[in-house]
Structure formats: structure tokens, C-alpha cells
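Inspection log for the structure reproduced underneath, given as C-alpha cells.
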Protein chains: 2
Amino acid sequence: MSELRRRRGRPPQDEAGKRREAILDAAIAEFGDKGYDAATIRAIAERADVDPALIHHYFDSKADLFADAVRFPLRPQAAIDAILEGDMDQLGERAVRYVLTLWENPEFQRRAVPLMRAAMGSKFTTPIVMQFLNRELAAKVAARIAAERQTSESDAQYRTALILSQMYGMLAGRYVMGIPGLADAPMDDLVAAVGATIQRYIDTP
Amino acid sequence: MSELRRRRGRPPQDEAGKRREAILDAAIAEFGDKGYDAATIRAIAERADVDPALIHHYFDSKADLFADAVRFPLRPQAAIDAILEGDMDQLGERAVRYVLTLWENPEFQRRAVPLMRAAMGSKFTTPIVMQFLNRELAAKVAARIAAERQTSESDAQYRTALILSQMYGMLAGRYVMGIPGLADAPMDDLVAAVGATIQRYIDTP
DNA sequence: GTCTATATTCCGATAGAC
DNA sequence: GTCTATCGGAATATAGAC
């Protein structure tokens, strides 16, 4: 009995933090498959071939583990500014191409999927994701639109929201839900089609 | 003690199915607030001021309760055909206006939100929602586009997926996540802006 | 129809030996 | 760092009295 137990006397510390990495990797996969609530620490431990208690040794709580698991994708920060700086006429296509290229990176995708799920998960998780999204992205886009197009602040916010809604729908459909026709579409097709939409949300009065 | 218990000796059967309605109403609210996994039968029972066991009397399982709670929104079925029948040139605006009008109905919205959450909830809930969506909606749209525009089946599927992605993003942003600028936009503005997008996804080669 | 009581399982988290 | 053992609670679900 007790055969679900981890094998005992594990070589203490294979290499520095190797098991910790395995835990994070398993957590990303579990949160990505099941969403935050349905994912369990025990299932993550089993997936990482690790004792559940070890997870609590490395991470204080389930919420902390989730935060660490999705930390990576927040990186692109710098590139966003560069994209917004270019000429306004091709901003739509440029933005879509950048976002899609980012998502084609499997490492990014794996960490971003749990965040996309959390954004729609509950009325409690939504504001957490939205706060980050607004601070890192939406505010900058709205400011750029307001400055260039010289519209009111609320109009810029409205245009930004339209852009976000199409971006979210595209990414959710392609990478999370796997909608047929969208998940397997060539990137260039999407850049042209959705890029034109974004551009129109920027331009049209 | 045991003061969390329901008051005993409830008037047997207020009116036919009145408590059952209260349970369904509470379930819609809980599933809408927290999503399927985080919502609990106990919390639903407390919200409905009902004993948890009574829920199991009316509904066999949590999944059954969820299914019954969101059953209503599947109704519009008939109207979809009417919208697709009209002239192709204004199909975009017509579709957006119809969808938004539907969602402005609070009864529809309350039941549709849990479904939208479930669509992004996990890799297990996604196909359940998608199957319904495809059968009731996507297939018809794709057929109409393929017939009218005389494109290949896969091209029609691609266009339909683009349309769905923008629709999902708009509804999720406006009614589920409550994105500022989108949640409070006048319906006519959205009909014009998003309607034009949908129309372009139908038309542009 | 309604509720008490409970079976059964699983959860996140902790204490402490090694 | 790793694992055993377990705490304390909450989950869904069921059996059966009233």
C-alpha cells in the first residue's frame, strides 16, 4: 500500500532548483488545462513526480504558485513601446503581427493560456488580470490614440476597448479554444484581416 | 447550535416548484459570479435559503444543475435563420444589433455569462460549449457565406471563425469582464463599429 | 417534498522527522 | 531539501426518517 508515495531518499538536490522547475512546469500545464480552480496542488505534484508537500515548501500557497507560473509572459513590456512609436498608418498590422509572433512561442503560450482563462474565470479573477492588462497595455494604447488622433479621453478609451475585444477574441479563439479555421489559419492571413480591423478601430471617427 | 440549518417544517410545497425556481435562480447567480468549478452546491443552497440536500433531490448532480440553469438562452434558434435570410450587404450590422439586443435582456445575460465562462474555463468544458455553438450557429453562418460568396468550404469556415472571435471578444469584454469604454458604450456605436468589422469578414476576399 | 445525518472523498496547508 | 503523517475542513452525494 501507499504506492502513490514518491520514491524515498531522492538524491538530495539533483542540481540547484531542478525539482522546483519541474513543479513550475507541471503547474503551468495543469493551470492551462483546467483553469485555476479546478487545478489542484496534488495533481500538479503527481504530474511533476514530486511530493505534494514539496510544493508547499517552495511556494507558500496555491495563489503564489499560480503567480510564479505565469510570471514570464509579462516580459514583452519593452517591445510594446517600440510598436506604438512607429507610424500610425500600419499600427494595426504591426500590432497583430507582434502579438501573434509572441504567442507562437510555445513558452509564452503555455504561460499566457492560464492568464486568459483567469481573465474570464470569475468576477474575482477578472479584475486581477485586467488591472495588469490596463497598466501595461491599455493605458499606453489609449494615450497614443488620444495624442495622435486628438480625440477625447473617453473616445480613446472606447477605441482601445474595441481593439482589446478583437485581440482577446482572436487569441482566445486561436490558442485557447482552438476554433477550427482560426487555430490553423496562416499568420499572414490573420495579420491582414485582423490588422485591418484594428486599424479601422484606430482611424474611423 | 446547528443554526445554519434551514428552518424546519417548511410549509410543504408553497406553490408548485417555487423552491426549485429559487434554486435555479441562485445557481445562475453563483455560476455567473464564480464559474462552474468555484461555485459550490452549498453556496447555492445558502443563496437560495434552502437545504443543500434539496438540490440533490431536484437535480441529480452539479453538472445537471448547471445544464438546467443555462438551458434558456438556447431559445433564439428561430430568429437566427431570419437574420441570415436578409440581404447580405447589411448582415454585419443586423447580426450585431440582434446579438446585443439579446444580451441586453437581463434574463438572457444572466444565463449566458456562465456559458461564456465555461467556454474558456478548461480544455474539458470548451468542447461542450463549442459543440453547441457550432451546431446552432457556426454551421449555419458558414453555409450562408459559402453559398452566397461562392467560396470554398474552408474559406467560409475561416471567415466564420473570424466573425465568432470578434463576437466573443465583444460580448466577453462588454458583459463578462466589463471593460471600461466597452461595457458602457451606446449600442448604436457598437452596431456601427463592430458591424462594419463583421461585414468586412464576410466580404473581403 | 423536506430535512437530518452521514458516507466518502478530496482539498490546501502544517509539523516535524530524516 | 525531501518526505511522512496528519490536521481541519469542505466538497459532492446518498440513505432514510418525517
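- For the pair A:E46 CD and C:dC10 P, the interatomic distance rounds to 11 Å; values are reported in whole Å.
- The stretch residues 53-67 of chain B participates, sequence neighbours left out, in no side-chain hydrogen bond (donor to acceptor under 3.5 Å, both in side chains) pair at all.
- With sequence neighbours left out, A:E153 forms a salt bridge (charged side-chain N to carboxylate O under 4.0 Å, His left out) with no residue at all.
- Taking atom CZ on B:F59 and atom P on D:dT14, their separation rounds to 15 Å, with Å as the unit.
- C:dC10 atom P lies 12 Å from atom NZ of A:K34, rounded to whole Å.
- A salt bridge is absent between B:R94 and B:E85: the closest approach of a Lys/Arg side-chain nitrogen to an acidic carboxylate oxygen does not fall below 4.0 angstrom.
- Residue contacts for B:Y58: at a heavy-atom cut-off of 4.0 Å it reaches the sugar-phosphate backbone alone, with no base atom in range.
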Scan the side chains in residues 119-129 of chain B for donor-acceptor partners under 3.5 Å anywhere in the protein, sequence neighbours excluded, and list what turns up.
| residue | atom | partner | partner atom | Å |
| --- | --- | --- | --- | --- |
| B:S122 | OG | B:F124 | N | 3.1 |
| B:S122 | OG | B:T125 | N | 3.2 |
| B:S122 | OG | B:T125 | OG1 | 3.4 |
| B:T125 | OG1 | B:A118 | O | 2.7 |
| B:T125 | OG1 | B:S122 | N | 3.0 |
| B:T125 | OG1 | B:S122 | O | 3.3 |
| B:T126 | OG1 | B:A119 | O | 2.7 |
| B:T126 | OG1 | B:S122 | O | 2.9 |

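- What separates CG of B:D51 from P of C:dA5 is a distance of 11 Å, to the nearest Å.
- What separates OH of B:Y36 from C1' of D:dA11 is a distance of 12 Å, to the nearest Å.
- Atom P of nucleotide D:dT2 and atom NZ of A:K18 are separated by 12 Å, given to the nearest angstrom.
- Side-chain contact annotation: B:T160 with B:Y201, donor-acceptor N/O pair under 3.5 Å absent.
- B:V141 and B:L84 make their closest contact through N-CD1, 4.2 Å (heavy atoms, listed as atom of the first residue, atom of the second, distance).
- For the segment residues 118-129 of chain A, the set of residues with a heavy atom within less than 4.0 Å of an atom of DNA chain D is empty.
- Classification of the B:F31-B:Y36 ring pair by plane angle, with boundaries at 30° and 60°, yields parallel.
- Straight-line distance from the CG atom of B:L54 to the P atom of C:dA5: 17 Å, rounded to whole Å.
- Between B:R19 and the phosphate of C:dG1, there is no side-chain N or O to OP1/OP2 separation shorter than 4.0 Å.
- Computed from coordinates, the B:I55 CD1 to D:dT14 P distance equals 14 Å when rounded to whole Å.
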>> For nucleotides 11-18 of chain C, give me one character per nucleotide, 5' to 3': B if any protein heavy atom sits under 4.0 Å from the base, S if the only such contacts are to the sugar-phosphate, - if neither.
In response: BBBB----
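- The list of ring-ring contact (aromatic ring centres under 6.0 Å, His included) pairs with a residue in residues 160-189 of chain A, not counting sequence neighbours, reads A:W103-A:Y175.
- Of the charged side-chain nitrogens involved, none lies within less than 4.0 Å of a carboxylate oxygen, so that B:D49 and B:R19 do not count as a salt-bridged pair.
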